[in-house]
Amino acid sequence: MSTGVTGGADSQEKPPGKRKFIFPSALTILALVTLAVWGIAFLIPSGAYDRNAEGAPVQGTYHRVPSGQSFVDRLNDLFLSPVNGLYGIRDAETGRVGPDLAGELYGSAGVFLFVIAIGAFITVVFATGALDRGIGRLAHRLRERGALLIAGVMVVFSLLGTVEGFAEETLGFYGLIVPLMLALGYDRMVATGTIILGAGIGVLCSTVNPFATGVASSAADISLGDGIVLRGLMWIVLTAVTIAYVVRYASRVRRDPARSLSGFLPGDHEQSAVKAEEPPPLTPLHQIILVLVGVTFAFMIFSVVPWSSALTGDADATPYGFELGWSFPQLAALFMVAAVVVGVVARLGEQRLSATIVQGAADFISPALVIVLARGVTVIMNNSQITDTVLHSIEGVVSGASSGLFAVVVFIVNLPLAFLIPSTSGHATLAMPILAPLADFAGVSRAVVVTAWQAASGWMNLWVPTTAVTIGGVALAKIGYDRYLRFVWPLLAILFVLICAFVALGAVWT
């Protein structure tokens, strides 16, 4: 999918002889990041911590180890990074990742197929005409209340993020939210901010999210409920600030489209429903299809929520009988089946339905490949054994700091680590067994360390190009990654200050 933009404040013609700089595509950015990390891995010495019975690193046991990789091995990792990013297997004994090893899947094949399936489903739904007409009617009714719509969507996404880590699942909503925001007279950046920042701020302020708070609390040997008051206050304040930021930008663009940071693609302006006449009513068939769409997305949310952990606050709570515990493979299958069901109900016919599914998959192949490349970067780090070396350097930085400063330092030193390890679960598993014991020496509650850690992970994942949520989101929205950075950096600065204040006060309070 193209991430180029046209129109907007920056779409002025350049004098003859001067070429306008075009920011690289998401795929190019990830390729450059891959090369950079591969090169840096030659400079950072490989090392490892001793592991306990649970596989967690033991403080004070870091030691240098030979990587066991020749130049040819490292070159092979670089060559195979996209393949490993898709279906690399992590060997349980050596920890290495490769396409021909035995162990657990380390690659992002599940997310890759999920994005492809979402593309097929959304394209089939649009082919029925139901979603277009439904969006048009909804936009006409809310043409004077767009801010309320933005706030409502962001609150829902943020709530899901803080409770169950709703992040990659948002990739399925771009096909719904982007046309709706355009119909309301906004730009693609408003839709992108609503989705990425809405869910992202919830994950940043995770309260009982088992994939972030749960894993980190378990690694820190504390209860999932420890620190929930601080995280709850953070969630309320930071969600309100983020919503206000997006609504302010949306109102500005609606008043003056030339101030759009993303610009407009051909046909975007024609989707505006602010002054349009009321669209024709929905037919009974359209209503049935829209109900199927709503049920599909509602079932997706229900299937991934760990209800027992979320409702009891116990990360190790026994799952309820009705919990499905689905992940991306099951969700990919769900949307493929839903695409077929919608096509059959809409009577598209075998030929048209098959062609539409293929076209939908093709339209979404670009963001799917971006996700694969991002995962490939972490494989290079894993195989070169530099992650523990980075952790060891952090251990030296935070040791000996006093309470409030210690909490802020934990937040700051986790920022680069969050870039290198965009997976919250992986980041928590590696970092918390090292950082949590350090809190005891600083007289700080371990819960504050968990909060500072997850805030760092969440803050970085709002913008770093190694996370599928951000880089895949801007690709799906068809906006440039550079434009998104221009949009989000003032908010990042505000959030940075607020997070430091919260974790410092939390450390002093405890």
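Here the structure is a predicted model, which is why all the values come from computation and not from measurement.
Annotation: Phe364 is not in aromatic contact with Phe114 [ring centroid separation under 6.0 Å not met].
A donor-acceptor pair under 3.5 Å is formed between the side chain of Tyr481 and the backbone N or O of Trp463. Checking side-chain atoms of Arg254 against main-chain N and O of Gly185 turns up no donor-acceptor pair under 3.5 Å. Checked by atom type and distance alone, the side chain of Arg375 never pairs as donor or acceptor with a backbone atom of Gly85 at under 3.5 Å. No donor-acceptor pair under 3.5 Å is formed between the side chain of Thr207 and the backbone N or O of Arg231. Listed for the Thr192 side chain is no donor-acceptor partner under 3.5 Å among the backbone atoms of Val474. Distance alone, capped at 3.5 Å, is enough to place a donor-acceptor pair between the Ser303 side chain and the Met300 backbone.
Note that the CD1 atom of Ile177 and the CD1 atom of Ile195 stand 5.5 Å from one another [nearest 0.5 Å]. Taking OG from Ser366 and NZ from Lys478, the interatomic distance works out to 10.0 Å, rounded to the nearest 0.5 Å. Distance check: Thr194 OG1 to Met189 CE gives 11.5 Å after rounding to the nearest 0.5 Å. Separating the OG1 atom in Thr123 from the CD1 atom in Ile118 is a distance of 10.5 Å, to the nearest 0.5 Å. Note: Met460 CE to Thr470 OG1 = 10.5 Å, rounded to the nearest 0.5 Å. Here OG of Ser251 is found 12.5 Å from CG of Asp256. Values are rounded to the nearest 0.5 Å.
The side chain to side chain donor-acceptor pair (under 3.5 Å) search around Tyr249 returns Asp187, not counting sequence neighbours. Residues passing the side-chain contact (heavy atoms from CB on, under 4.5 Å) test with Leu462 are Leu197, Leu204, Leu492, Leu495, sequence neighbours excluded. Residues meeting the ring pair (Phe, Tyr, Trp, His ring centres under 6.0 Å) test with Phe112, sequence neighbours left out: none. Residues passing the ring pair (Phe, Tyr, Trp, His ring centres under 6.0 Å) test with Trp326, sequence neighbours excluded: Phe299. Scanning for side-chain contact (heavy atoms from CB on, under 4.5 Å) contacts around Ile386 gives Ala41, Ile44, Met381, Ser384, with sequence neighbours left out. Residues meeting the side chain to side chain donor-acceptor pair (under 3.5 Å) test with Trp235, sequence neighbours left out: Ser158, Thr239. Shown here are the ring pair (Phe, Tyr, Trp, His ring centres under 6.0 Å) partners of Phe121, two or more places apart in sequence or in another chain: Phe335. Considering only residues two or more places apart in sequence or on other chains, Ala151 meets the side-chain contact (heavy atoms from CB on, under 4.5 Å) condition with Ile243. The side chain to side chain donor-acceptor pair (under 3.5 Å) test applied to Ser206 returns Asn209, not counting sequence neighbours. Every residue meeting the side-chain contact (heavy atoms from CB on, under 4.5 Å) condition with Ile494, not counting sequence neighbours, appears here in chain and number order: Val241, Leu498.
Proximity of Phe502 to Leu238: side-chain heavy atoms (C-beta onward) are separated by under 4.5 Å at one or more points. Between Val379 and Ser81 there is no side-chain heavy-atom pair separated by less than 4.5 Å. A 4.5 Å side-chain heavy-atom check between Leu373 and Val377 finds every atom pair outside the cut-off.
Taking the six-membered ring for Trp and thresholds of 30 and 60 degrees, Phe173 and Phe157 have ring planes more than 60 degrees apart, a perpendicular arrangement. In this structure, Phe487 and Tyr484 have tilted ring planes: the angle between them lies in the 30° to 60° band.
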